[in-house]
Amino acid sequence: MIDPTLETKFNQHINKEIYSSYLYLSMAAWADHTGLRGFSHWMRTQAMEELTHVSRFFDFLTDRDGRARLAAIAEPPQDWSDATALMRDTLNHELEVSRGINELVSLCREHNDHAAGAFLDWFVKEQVEEEAVVKDILDRLNIVKGEGQGLLMIDQELATRALPTYDPTLGWLGNTR
Ligand SMILES: [Fe+2]
Ligand SMILES: [Fe+2]
């Protein structure tokens, strides 16, 4: 059974993951409106992937005889000056989520909850990848100064990102980037 303090913190983190999904969907809407269809597809996929993270926390709380409790989702920003600003906000948001995961890991250690620690290991690794992928897109945007043909090339590449898939036995599968 999960400690009630941890349960509350895990639920607060569920809200962060749902907000991530909401933020990326808002970014997708901006990208659609701007004509950056690849960025929009990448953001929609990212939004779906964030919901798979919610699902993992949900299941973990249930398995530990806890309960997922959903709170209000904050309104995300709706406008960005350009694709570079969009990806900079994405990186900052992922850094914030990484901090949240790290705090949860520390808290689980304080409570001697090794099962929760093992569960969070997946997220620690996932955040390394999230940060690296976004940083890579941002670096390439900087190379092409975020505009012109270079921007369109990056947009085309982002259009190829695969959607997350769910296997009833194995759960969420694959690297979807
Ligand atoms: Fe996430
Ligand atoms: Fe994320």
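Being a predicted model, the structure only gives us computed values, none of them experimental. Both ligands and their constituent atoms are indexed starting at 1 by order of listing.
- Coordination check, Glu130 versus the Fe ion (ligand 2): passed, since an N/O/S atom of the residue sits under 2.8 Å.
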**Item:** Derivation and outcome, side-chain contact (heavy atoms from CB on, under 4.5 Å), residues Ile101 and His13
**Value:** CA-CA 8 Å; Ile101 295 285; His13 191 82; 3.4 Å; yes
**Request:** Report the C-alpha distance between Ile2 and Leu61 in whole Å, list the side-chain angles of each, state the deciding distance to 0.1 Å, and finish with yes or no for side-chain contact (heavy atoms from CB on, under 4.5 Å).
**Result:** CA-CA 8 Å; Ile2 194 160; Leu61 283 177; 4.0 Å; yes
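- The Fe ion (ligand 1) lies under 2.8 Å from an N, O or S atom belonging to Glu50.
- We find that Asp82 and Lys145 are not joined by a salt bridge, their nearest charged nitrogen and carboxylate oxygen being 4.0 Å or further apart.
- Because the distance cut-off is set at 2.8 Å, Glu94 qualifies as a neighbour of the Fe ion (ligand 2) through one of its N, O or S atoms.
- Under the 6.0 Å cut-off for aromatic ring centres, His53 and Trp122 qualify, their centroids lying closer than that.
- When the Fe ion (ligand 1) is compared with the N/O/S atoms of Glu17, atom OE1 turns out nearest.
- Checked against the Fe ion (ligand 1), the N, O or S atom of His53 at the shortest distance is ND1.
- With hydrogens and angles disregarded, a donor-acceptor distance shorter than 3.5 Å links the side chain of Thr8 to the backbone of Pro4.
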